[in-house]
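In the text below, chain A, chain B and the rest are named by the order of the sequence lines, each starting its count at 1. Below, all heavy atoms of this structure are taken into account, side chains as well, without hydrogens, waters or symmetry copies.
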Number of protein chains: 2
Amino acid sequence: MSARQVTLAEVAKQAGVSLATASRVLNGSTRQVSEDLSERVLRTAEELGYVPNASAQALARNSSSLVGLVVHDITDPYFSCIAAGVTRVAEEAGLVVVLGTTGRRPEREAELLSTLRAHRARAVVLAGSRTTDRASQSRLAAEIDAFTEQGGRVACVSQAKLGTDTVVPGNRAGGRALARALTELGHKKFAVLGGPSDLVVARDRLAGFKAGLADAGIAPPVVVNGAFTRDGGYAAAMELLGSKSRATCVFAVTDVMAMGAMAALRERGVRVPEDMSIAGFDDIPTLRDTVPALSTVRLPLEEMGEIAAGLVLDAGGDEARTVRVAGEVVLRASTAHN
Amino acid sequence: MSARQVTLAEVAKQAGVSLATASRVLNGSTRQVSEDLSERVLRTAEELGYVPNASAQALARNSSSLVGLVVHDITDPYFSCIAAGVTRVAEEAGLVVVLGTTGRRPEREAELLSTLRAHRARAVVLAGSRTTDRASQSRLAAEIDAFTEQGGRVACVSQAKLGTDTVVPGNRAGGRALARALTELGHKKFAVLGGPSDLVVARDRLAGFKAGLADAGIAPPVVVNGAFTRDGGYAAAMELLGSKSRATCVFAVTDVMAMGAMAALRERGVRVPEDMSIAGFDDIPTLRDTVPALSTVRLPLEEMGEIAAGLVLDAGGDEARTVRVAGEVVLRASTAHN
DNA sequence: GCAGCGCTGGAAAGCGCTTTCCCGCCACGC
DNA sequence: GCGTGGCGGGAAAGCGCTTTCCAGCGCTGC
């Protein structure tokens, strides 16, 4: 039992070459090794079933093949799509993805980063949306610094200004364009189901939406805040229905929240879109088959993950790069003319 | 730039103790260290911002804090739910999850296992459904052996008989119970949208369903196979509609496939459930708000992930343990009396 | 013909940590 | 008084790999 792992030394001995040569053959150094030695080593390694010890390599090279990915909740399709993009790129590059989940607790983000630093991860993609909470922000900033000083790279999805590479979806612009599209449908009174007030993504989408309404000379919307989840959308919608709002169209800052909201509306007998139009944001693929089909702002989520991974893996210059990704308004059956 | 990482040696020197003592203090060995030395080390480590080098630890201890998780597609809510369960448990145990995706290519599973072995992962949860393909099966079995011989533990979700710990959902029983429930609604002619014929999960659910129909003395269903995805369900449903089948109720072996199927039906003007009843399997949380609500067999997916992680992390005996998880038939609006 | 160069192979010094020894010290028992 | 354990501390030997440095050798160029 527990047959000791085959080591490079054994391969070298068996093949009758030095450790150095074996290492050079099996792990592609710049140095040349003669044809026959090389082949002998390769064959022996194959025969013995040699698998290099990644920890030892990481230690010797002072860099590992780990890439971190930090999300709030992997069940949330928003994150799982991004995760798919990140893993695809990482795996193509021969790297391995470490998945960390925060459960939406901001302080977990810094903890995870520290763990990732311990593992000498060569890069990290931070996909969890940033909050405006002071304390956790500065703790996080410190961890990011420590991480980059150690030679690691960090990319964020969704928020700039951390001095890192960033993939920025057009939250503001998307919200604004959506508002415009909805006003063009004739709606005059709007409500917004917003996320927690300290979430940057939620704020941006809301701000953009308000700006769009203002463009059209329409009164600001009623805003009800709720958690950034299906249940948050449900609760917010319920609260909205309980109020005396006369809105004919509601914008949930997230598709997932919109799903919850639609459930609430259904429960209360409010028909969508006849009695109330509703729109979301993200265009989650898994949710595209819902009835009525949800109007939303499409974000290329997987692609965003790929871009983030790309940024973080290709060494790049010293300056923080920012890639903007546009959202595209998609009007479907959940929004009607008014 | 790139300030060298603080090492244990530096902490030890700074604190005026030996390397051994510092190690003992900071990484809890069995040995005692006197109060004042201990405190001095702790304080110095804190001041210097010491973070242990996980690779070095792994190398020295010959075991890492990595747990592997292998899925087909993290975007698929089935897998992301399981992933959530696994990560929760792993993180609570202070371990780190490595996410590998196969993209549904069976050979990737063995590759990933080999990578995980290189990283000396202490355990792996295989969530991707097993196929019946000979070649990849034996390659996988070999990798599993290699992995366990090296001291790692392996657990599977959904398939037994690999000599590993396993979480087995009641695919067969669930399919059977569902069939019974549907026949009780009065349906006499059934169709099944099955997965690829070599997927064990798909086969089991189908077999159970057939058995259930047989119990009720009903003719075997028409079976149309398709990919284990939304698009697979869509395509299979289209094929079914194109045939001369007179089925009044269709069972898609997966909720995700059922979603695709419902889209197909809608497109062809077939009303659910008036013209056709439809049921799925899994009860994916994200899909619970669809209209009409999908009848299905509920599986506690996150819990299954937790159980698998639990099995794989708690050393356990030598024997392969099997935990059975029952599916529960949930009839909703997508199935009507006939 | 010989200095010098480029190239390949090997010896060995780490990488940062854990852990086994070993040593000195103290309390104890006879 | 001295032998015995037990215990806390340190020196040092690895863990498996990479990489520098050096040795040897066959060539080229003057």
Side-chain atoms of residues 46-58 of chain B: list all donor-acceptor pairs with protein atoms under 3.5 Å, sequence neighbours left out, distances to 0.1 Å.
{"from": "B/N53", "atom 1": "OD1", "to": "B/S55", "atom 2": "N", "distance (Å)": "2.9"}
{"from": "B/N53", "atom 1": "OD1", "to": "B/A56", "atom 2": "N", "distance (Å)": "3.1"}
{"from": "B/Q57", "atom 1": "NE2", "to": "B/N27", "atom 2": "OD1", "distance (Å)": "3.1"}

Show each protein N/O and nucleotides 5-14 of chain D N/O combination with a separation under 3.5 Å, one pair to a line.
{"from": "D/dG9", "atom 1": "OP1", "to": "B/S34", "atom 2": "OG", "distance (Å)": "2.7"}
{"from": "D/dG9", "atom 1": "OP2", "to": "B/S34", "atom 2": "N", "distance (Å)": "3.0"}
{"from": "D/dG9", "atom 1": "N7", "to": "B/R31", "atom 2": "NH2", "distance (Å)": "2.2"}
{"from": "D/dG9", "atom 1": "O6", "to": "B/R31", "atom 2": "NH1", "distance (Å)": "3.0"}
{"from": "D/dG9", "atom 1": "O6", "to": "B/R31", "atom 2": "NH2", "distance (Å)": "2.9"}
{"from": "D/dG10", "atom 1": "OP2", "to": "B/S18", "atom 2": "N", "distance (Å)": "3.2"}
{"from": "D/dG10", "atom 1": "OP2", "to": "B/S18", "atom 2": "OG", "distance (Å)": "3.3"}
{"from": "D/dG10", "atom 1": "OP2", "to": "B/T21", "atom 2": "OG1", "distance (Å)": "2.6"}
{"from": "D/dG10", "atom 1": "N7", "to": "B/R24", "atom 2": "NH2", "distance (Å)": "2.7"}
{"from": "D/dG10", "atom 1": "O6", "to": "B/R24", "atom 2": "NH1", "distance (Å)": "3.4"}
{"from": "D/dG10", "atom 1": "O6", "to": "B/R24", "atom 2": "NH2", "distance (Å)": "3.1"}

Salt bridge (charged side-chain N to carboxylate O under 4.0 Å, His left out): which pairs involve residues 83-101 of chain A, sequence neighbours left out? A/R88-A/E302, A/R88-A/E306, A/E91-B/R108
Would you give the length of the straight line joining atom CG of B/D145 to atom OG1 of B/T164, rounded to the nearest 0.5 angstrom? 10.5 Å
Going by atom type alone, with no hydrogens or angles, which donor-acceptor pairs under 3.5 Å involve a side-chain atom of residues 113-123 of chain A and a protein atom two or more places apart or on another chain?
{"from": "A/T115", "atom 1": "OG1", "to": "A/E111", "atom 2": "O", "distance (Å)": "3.1"}
{"from": "A/H119", "atom 1": "NE2", "to": "B/S65", "atom 2": "OG", "distance (Å)": "3.4"}
{"from": "A/R120", "atom 1": "NH1", "to": "A/R117", "atom 2": "O", "distance (Å)": "2.9"}
{"from": "A/R120", "atom 1": "NH1", "to": "A/A118", "atom 2": "O", "distance (Å)": "3.3"}
{"from": "A/R122", "atom 1": "NE", "to": "A/S64", "atom 2": "O", "distance (Å)": "3.0"}
{"from": "A/R122", "atom 1": "NH2", "to": "A/S64", "atom 2": "O", "distance (Å)": "3.2"}

Does the distance from a Lys or Arg side-chain N to an Asp or Glu carboxylate O, for A/D76 and A/R104, drop under 4.0 Å? yes
In this structure, OG1 of A/T102 is separated from CZ of A/F79 (nearest 0.5 Å) by 7.0 Å
Examine C/dT18: is either OP1 or OP2 under 4.0 Å from a nitrogen or oxygen in the side chain of B/N27? Give yes or no. yes
Test salt bridge (Lys or Arg N to Asp or Glu O under 4.0 Å) applied to A/D165 - qualifying residues, sequence neighbours left out: A/R153, A/R321
C/dC15, OP1 or OP2 - any side-chain N/O from B/N53 closer than 4.0 Å? no
Answer yes or no: does a side-chain N or O of B/T7 lie under 4.0 Å from OP1 or OP2 of C/dG16? no
According to side chain to side chain donor-acceptor pair (under 3.5 Å), who are the partners of A/S38, at least two apart in sequence or on a separate chain? none
Report yes if at least one side-chain N or O of B/Q57 is closer than 4.0 Å to OP1 or OP2 of C/dG16; otherwise report no. no
May I have the distance from B/N62 (atom CG) to C/dC17 (atom P), rounded to whole angstrom? 17 Å
Please identify each residue that fulfils salt bridge (Lys or Arg N to Asp or Glu O under 4.0 Å) with A/E107, with sequence neighbours left out. none
Enumerate all atom pairs, one protein N or O and one N or O from nucleotides 23-28 of chain D, separated by less than 3.5 Å.
none

Residues forming a side chain to side chain donor-acceptor pair (under 3.5 Å) with B/S138, sequence neighbours excluded: none
Could you pull out all residues at least two apart from B/P77 that satisfy side-chain contact (heavy atoms from CB on, under 4.5 Å)? A/T286, B/S80, B/V256, B/I284, B/T286
In degrees rounded to 10°, what angle is found between the helical axes fit to the five outermost pairs at each end of the helix from C/dG1-D/dC30 to C/dC30-D/dG1? 50°
Any residue of residues 39-52 of chain B with a heavy atom less than 4.0 Å from an atom of DNA chain C: B/Y50, B/P52
